[in-house]
Amino acid sequence: MFLKMEHIYKNYGDILANKDVDLDLKKGEILALVGENGAGKSTLMKVLYGLEEATSGKIFLNGEEVYINGPSSAIKLGIGMVQQHFMLFNSFTVTENIVYGREPKGKLFFDMAKARQDVIDLGKKYDLPLDPDAVIEGMPVGLRQRVEILKVLYQNTDIIIFDEPTAVLTPQEVTELLKTMKNLSKMGKSIILITHKLNEVMEVADRTLVMRSGEKVGELMIKDTNIKELSYLMVGRHIVDKQVEKVETGETVFESIDLTLTDNKVSVLDNVNIHVKRGEIVGIAGVSGNGQTELVETIFGLKNCTSGKVIVNGEDVTNTSVMNVRNKGVALVPEDRNVHGSAALGTLTENSIMGFYHKDEFSKNGIIDYKVASQFTDELIEEFKVVAKNNKQTMSSLSGGNSQKLIIAREISQHSSFLIVSEPTRGVDIGAMEFIHNKLFEKRANKDGILLISSELTEILKLSDRVYVMYEGEVKGEFTRETANEEEIGFLMLGGNKDEV
Amino acid sequence: MALDIEFIAHILNSTFRLMTPILLVALGSAVCNRVFIFNIGLEGMMLTGAFFAIVANYYTGSVLISLLAAMGSAMFVSWIAGIFMVKFKGAMLVVGISVNVLMLGATTFLMQLFFGVKGAFVHKDLVSLPKVNVEFLKGTKFFYTLFGSLTYLDYFAVILAIILYFYMFKTVSGFRLRSIGINKEAANSIGVDGDKIQIGAIVFSGLLSGLGGALLSMGAVTMFVQNITSGRGFMAMAAGSLGSAHPIGVVFASTFFGLAQTLSNVLDNQFLSSELMIATPYVATIVALAIFNYSKIKKGGKITNI
């Protein structure tokens, strides 16, 4: 046995994040570590990579006990980690990023020529070509991840931990990455893959270890298991794949006509014509950074468009204020729940009425009726199954999934006729994801219109009645639930044209 | 006003002499900017150096010990400030302003304690920084004026800027220093200790502030005056920013402020109300920063630090 972790315990205060977890890894093996958010898989890997210290437990490498007290000691032992949030220096070049921490050096100066050559050689060796002089800024996500992988390989690591590596990738990039992983394992590297995407696990892993609430609940060979069994182990109950029922669509609640936004002469939105009808979920597929964020901001009045029109419920709201747009019946679940969706230090009550505090039910003459607000919050907490102690705790004390549920609850509770949801389930576990999806379906059944922006193609395909594909600010194609398919959309997302399909 | 060639030499000479104290501190500020530290306490650190240079000077009469005292005292203050900013995650603005206010009060108080005077302290036994001998230039008046009464430290400031340029952009250590300002978390994830580098940068800026302070109290004049720095630390911050935290850029920015101060002095002697002229360097600072940032915004760049 190559790597062995024994009886790992880790607690944060009185919360037990890892409870007596054992893990072993063979040479050249791909081990998938699966579990919902908060199941303790990331904690376990942070212990292995030295980012966290275990409360108790032992780690053995090649039969010898090792002590890991920081990333540098993990790296010295040959353990590397490809982080979920890329740890790159955006204004540095590919070469500078890869050799970081073990830079080749002449007598006095940084030997850039050698560094550059090393990077080229490394890329050749592992069949991961990259332009050594390119600057990270402006590189697509897939290539950035490649830099991360080469960075880890440059450190001569034998064990590579991938933390949710596919969360940000397009389907094509995912295929590529899975191929890379298989290739690396063939070359003798051992891989630990943290994920909650079970189809990827089935495709690439040799063995899987399932965690729930900090404990190991199963260890299975991939060839002996299936997605159903794994998801049951992960969640602790069966997830039913609901048949989407048809809803009759009504009048148009939202329409954009030739919506164009130019920022510093760069075209961010280019004649976007989309519409959403009542009783319809319309998805916008696209690699993040292709104008989706700006589209939402222009619709919602956060940014002024250069030309074009935004029509909500038949009224022109182009370039008016957020308040006006909201009053016309638009609600928004923003992309970043921590920055735009909530106030981290505000209480749950404050967060639950945010944006609607001026409504008569919550305030009179500028004074907020906290009794009503508090009651209202309790109702939201109950209806949306938010796990919270009480409504006076701060938003930051909730887990990601729970704070997202509360934000969605807030935006749905006002019964706006048009709801924009941006990345509604980013970083949210399967259980909460299912819940949020069902709530969106409920809203659709209520004959409201929903615009869904998501970089998760599976989510788009599951929820949307119609799909627009965005690439560099342009709508590249439109699909219905019946005609939508992963390959074609993925192709358009990467800049392909419809007639080339 | 005689605009003859000697007058120009005089202006250039004065610009250079007034530029170097700012340059030393501005280089410190630039290093701090590179590691994402907004060190507003440079003014106080500079004042510390200026004061303790004179204290050591008075008791030992040694230039070397005076300089060491200036560097040591300012480094100590900056180290404490660094611990508060980096380890305890104190708001940089608050820590920096505290340093400035505290050191202004402390030097004024200690001046009374050590020397029993208020306002200013001069003594015949105080030695000044040795000047570079330019007797051999006596033949040509222009060069004689141009290079006259400059200390070794003045030249050192410019040399240091060049050394820092190579350090920052050519060495591994400088590479890591710059990386901290770009993404400290990424550096930590590879096992490069970001905290250590940040505190190191702050202490280094303390060292340079101490030297800059000593240049003020032992350079052109040899005395300590209450609040002798009178905003030069802030000007240095502006110069660091204006020079895009690039050592060579900082030289040019500092020269600009040196010139502004020179003009303020010259014009003060010639015409216009002196109060107005004293304000010249400060107005120049604001105008320069505003123009600089405006052009940056126009180009679509992001404003960093200030």
Side-chain angles (χ1 to χ4, degrees), chain A residues 45-46 49-51 68-77 79-93 95-115 135-137 144 147-148 151-152 154-155 157 161 163 262-266 268, chain B residues 30-31 33-37 87 89 91 159-160 162-198 200-201 241 244-247 249 293-305:
Chain A
M45 287 304 104
K46 279 183 181 159
Y49 190 56
L51 290 168
I68 300 170
N69 52 19
S72 51
S73 76
I75 290 168
K76 264 192 211 114
L77 292 167
I79 302 167
M81 184 156 172
V82 176
Q83 313 263 353
Q84 182 181 6
H85 304 286
F86 297 151
M87 293 290 177
L88 297 173
F89 303 102
N90 285 338
S91 49
F92 282 175
T93 64
T95 300
E96 288 172 328
N97 270 284
I98 290 175
V99 302
Y100 190 83
R102 222 163 57 87
E103 304 87 345
K105 212 166 147 177
K107 267 212 178 72
L108 207 56
F109 294 140
F110 189 152
D111 189 346
M112 196 55 84
K114 181 170 186 305
V135 175
I136 302 294
E137 223 156 31
R144 288 187 196 206
V147 177
E148 278 282 0
K151 201 170 105 182
V152 170
Y154 179 80
Q155 305 284 348
T157 45
I161 307 163
D163 188 3
T262 332
D263 187 13
N264 258 318
K265 289 178 195 145
V266 178
V268 185
Chain B
V31 169
N33 282 359
R34 289 280 177 188
V35 296
F36 213 73
I37 291 286
K87 284 280 181 221
K89 311 218 181 310
I159 294 168
L160 182 72
I162 297 166
I163 294 175
L164 266 183
Y165 164 75
F166 281 103
Y167 170 75
M168 265 189 199
F169 296 102
K170 302 287 174 198
T171 69
V172 170
S173 167
F175 172 64
R176 291 191 183 173
L177 177 100
R178 285 187 291 129
S179 77
I180 303 297
I182 298 170
N183 191 347
K184 184 177 171 187
E185 213 186 331
N188 286 339
S189 81
I190 285 286
V192 170
D193 191 341
D195 282 4
K196 222 175 174 173
I197 295 181
Q198 281 183 319
S241 191
S244 303
H246 187 294
N293 280 342
Y294 179 72
S295 67
K296 240 178 158 180
I297 293 169
K298 269 243 150 149
K299 271 188 231 150
K302 282 183 198 133
I303 302 301
T304 46
N305 297 311

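Throughout, protein chains are lettered first and strands after them, A, B, ... in sequence-line order, and every chain is numbered starting at 1. Keep in mind that the numbers below use all heavy atoms, side chains included, and drop hydrogens, waters and symmetry copies.
At distances below 3.5 Å, not a single donor-acceptor pair connects side-chain atoms of A/Y100 with backbone N or O atoms of B/V192.
Of the atoms belonging to B/N188, it is backbone heavy atoms, and not side-chain ones, that fall under 4.5 Å from chain A. Proximity to chain B is limited to the backbone of A/L88, based on heavy atoms less than 4.5 angstrom apart. Both the backbone and the side chain of A/E96 come within contact range of chain B, each with at least one heavy atom under 4.5 Å from a heavy atom of that chain.
Atom CD1 of A/I136 sits about 10.5 Å away from atom CD1 of B/I182, to the nearest 0.5 Å. The NZ atom of A/K105 sits 7.5 Å away from the OG atom of B/S173 when rounded to the nearest 0.5 Å.
Note: B/F175 and A/F110 have perpendicular aromatic rings, judged against thresholds of 30 and 60 degrees for the angle between ring planes.
Minimum interatomic distance between B/S189 and A/Y49 (heavy atoms only, all atoms of both residues): O-OH, 2.8 Å. The two residues A/S72 and B/G191 have their closest heavy-atom pair at CB-CA, 3.9 Å.
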Please walk me through it: do A/F89 and B/R178 pass side chain to side chain contact (heavy atoms under 4.5 Å, CB included)?
-> CA-CA 10 Å; A/F89 303 102; B/R178 285 187 291 129; over 6 Å; no
List the steps and the verdict of side chain to side chain contact (heavy atoms under 4.5 Å, CB included) for A/L108 and B/K170.
-> CA-CA 8 Å; A/L108 207 56; B/K170 302 287 174 198; over 6 Å; no
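Interface summary for chain B: among A/P71, A/S91, A/G106, the most heavy-atom pairs under 4.5 angstrom belong to A/P71.
Counting non-hydrogen atoms of other residues, nucleotides and ligands closer than 6.0 Å to NZ of B/K184 gives a total above 12.
Of the residues A/M87, A/R102, A/K151, the one that meets the side chain to side chain contact (heavy atoms under 4.5 Å, CB included) test with B/I190 is A/K151.
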